[in-house]
Amino acid sequence: MTARLKSARRVVIKVGSVLLVDQASGAVKRDWLASLADDIADLRKGGADVLIVSSGAIAIGRRLLGLKSGALKLEQKQAAAAAGQISLAQAWSAALGDEGMTTGQVLLTLTDTEVRRRYLNARATLNTLLRQGAVPVINENDTVATSEIRYGDNDRLAARVTSMMSADCLVLLSDVDGLYTAAPDQPGAEFVAQVDQITPDIVAMAGKPGSEIGSGGMITKLEAARIAMDAGANMMIAPGAPLHPLRQVLKGGRCTWFAAARSPAAARKRWIAGSLVPGGKLHVDAGAQAALGQGKSLLPAGVTGVEGQFMRGDTVSIIGPDGVEVARGLIAYDCADAAKIAGQHSREIAALIGFTGRNEMIHRDDLVVMDRNG
Ligand code: GLU
């Protein structure tokens, strides 16, 4: 089962506050972090992209600000995050830097992964960091997120990032070693090594949030699993407390796997194919249609007409010369800009619309070619 981690091309690792921050002193556990950075370097040497979702800003910051223990009000949490995030990012930058890696700090709010227009931007930024060899260290932008627009816990944030980035593996490092049939301290509680579907029976196994300083419990981990599995990623809950937590798992250490039924690419295409088409249409010529059939992106040059109202990031229908829908995809331009660049060479884009947009009207990762035989 460790093959799922070993063979993953893109891995998101979520690190809980309880692992990273010493509860008594509020200090970062640097030895532990160094051991994890070493594991991350190994994963990358194996060819995988690695993204980190790290909690800990509030746990570090509350101590820096001298806030008492116990529950914090929302504005106290936000203030704690403002102070703590700096130390958190510094700790990651130092630990990854010691292993020769560059850190890019990315603070996200809910709309960055939920609203597709912004999602395209966040994804492009993260992809650029990865392409340049950096490790994105992501957290929620706690200082501005209000309760209505928060993820609230980094388990689900990590799952949204996994989906947005089409990662094939999500690792939740936690203070528990996985899922049990009942609270682990109860007699008869059995360890569950693999889950293929989140059924009501599985949800019933999740108890109340266990640890004091993070916000995620088993319930949010199962919600994260559902999001990850729907996006075609395998998810693992693994014990994070030992030094070299990933190495331990790769050596066969205990963990619970949530196994996805399909690949991230297949899941994404399924989602695009099934998403509502708000009426936007692009007409394409025979050359573009043939290129789409070969799995290529749709360039402006092959677009002969633009119909309907749509925004950047919306799903549009692509219509071949014979008037039949040949594909669907998430468009990188709104309808006014799409109309201006239709039929033109990509190098003309900046001159036509006044900014340097993407070369593709629709990137191949955002396209699904319809099966014309039904
Ligand atoms: N974003 C919060 C922090 O960095 C943590 C949320 C969580 O514990 O899941 O402190």
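Keep in mind that the numbers below use all heavy atoms, side chains included, and drop hydrogens, waters and symmetry copies. The residues of the chain are indexed from 1 along the displayed sequence. We count ligands from 1, going down the list as the structure has it; atoms in each ligand are counted the same way.
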Arg123: which of Asn121, Asn127, Leu126 passes side-chain contact (heavy atoms from CB on, under 4.5 Å)
Asn127
Going by the order shown, which atoms of ligand 1 are within less than 4.0 Å of some heavy atom of [X]?
{"X": "Asp142", "answer": "1 (N), 2 (C), 3 (C), 4 (O)"}
{"X": "Asp153", "answer": "9 (O)"}
{"X": "Ile58", "answer": "3 (C), 10 (O)"}

Has Ala81 got any heavy atom lying under 4.0 angstrom from an atom of ligand 1?
no
So, Asp155 versus Thr220: side-chain donor-acceptor pair below 3.5 Å or not?
yes
Does a side chain donor of either Asn154 or Ser55 reach within less than 3.5 Å of an acceptor in the other side chain?
yes
Are any side-chain N or O atoms of Asp39 and backbone N or O atoms of Leu246, one a donor and one an acceptor, separated by less than 3.5 Å?
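Yes; at least one donor-acceptor contact below 3.5 Å.
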Ignoring hydrogens and angles, tell me if any N or O in the side chain of Thr256 forms a donor-acceptor pair with the backbone of Gly178 under 3.5 Å.
no
Regarding ligand 1, does Gly56 bring an N or O atom to under 3.5 Å of one of the ligand's N or O atoms?
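In this structure, Gly56 places an N or O atom under 3.5 Å from an N or O of ligand 1.
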Is it the case that ligand 1 has an N or O less than 3.5 angstrom from some N or O of Ser54?
no
